[in-house]
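Right, one structure below, let's go through it.
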Amino acid sequence: MAEPFDLYVEGNGSSLLLSKKGEGRFGHIAGSTGFGMIPRSTRIREGASEGGAYLGTRVSTRPLLVKASILGTLEEQRSGLDVLRDTITAEDSRLVVVREDGTWLLPVNYESGLELELTRTSANGKYTLADIALTATQPYWLLSESTVVEARVSDGVRVFLDDLAGLPLSDSVAIADSVVSNPGDAPTPVVWLLRGPCGSAEVSIGGRGFSVP
């Protein structure tokens with residue numbers, strides 16, 4: 001993600017906008033890190049001969065540094081710092097980015113950066129800067145809305161999913177194939193919703209699935 005960009009911090013029932021334009025109570029300024037590629041841990045086994053053997057990689061936790069500004073008078077900065085602390089240290093805290101391709105969510109855990117004690121001698125007259133260190137234990141950004149593919153069973157011949165032409169279906173059997181593409185780089189769970197009335201149903205993907213009596 002290119003930066004600076006509008007960034008929301010959510011948690012404890014609150015949603016705070018860190019504006020890229022520095023408008024409002026909080027700002028998101030240039031210099032934040034951790035919003036790009038996920039760090040990876042690579043396993044290599046050293047051999048007796050030259051070189052080694054590659055044993056694979058896995059994604060690590062995602063460390064982030066959010067450079068934020070708190071605007072206003074000294075009292076407003078103190079109040080804003082308290083609100084930001086309560087929000088980002090909550091158990092359900094997350095970062096939210098709104099882009100043209102959707103709203104993306106990343107649950108995070110607070111590490112450091114908001115231990116500031118603002119006084120009249122240390123606080124800036126108009127703003128205070130904070131470098132907030134966070135860790136995302138599950139490092140993938142998640143799209144807020146799921147992709148829904150709907151298949152209906154009815155009498156006669158009708159279109160069954162967008163990528164198929166006419167498929168004859170009956171009230172008791174629905175057999176078809178469809179390809180659903182995952183645009184991201186994270187494994188995506190599948191949630192099935194079966195609407196009745198029906199007797200029994202069996203769903204399988206690649207030979208693995210489940211049945212409903």
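Partners of Glu91 under the side-chain contact (heavy atoms from CB on, under 4.5 Å) rule, at least two apart in sequence or in another chain, do not exist in this structure. Taking the side-chain hydrogen bond (donor to acceptor under 3.5 Å, both in side chains) definition, one finds that Ser14 meets it with nothing, sequence neighbours left out. Under the side-chain hydrogen bond (donor to acceptor under 3.5 Å, both in side chains) criterion, Arg62 pairs with no residue, sequence neighbours left out. Partners of Asp86 by side-chain hydrogen bond (donor to acceptor under 3.5 Å, both in side chains), not counting sequence neighbours: none found. Residues passing the salt bridge (charged side-chain N to carboxylate O under 4.0 Å, His left out) test with Arg25, sequence neighbours excluded: none. Taking the side-chain hydrogen bond (donor to acceptor under 3.5 Å, both in side chains) definition, one finds that Thr135 meets it with Glu111, sequence neighbours left out.
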Step-by-step side chain to side chain contact (heavy atoms under 4.5 Å, CB included) determination, Val66 to Leu18: CA-CA 10 Å; Val66 176; Leu18 276 60; 4.0 Å; yes

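For the atom pair CG (Leu114) and CG (Leu81), the distance works out to 6.0 Å, reported to the nearest 0.5 Å.
Remark: side-chain polar atoms of Asp131 are not paired, donor with acceptor, to backbone N or O of Gly113 under 3.5 angstrom.
No more than 12 heavy atoms of other residues, nucleotides or ligands sit less than 6.0 Å from atom OH of Tyr8.
For the pair Leu95/Val9, a side-chain contact is recorded, criterion being any heavy-atom separation below 4.5 Å from C-beta on.
Between His28 and Phe35, the ring planes are tilted. Angles from 30° to 60° get that label.
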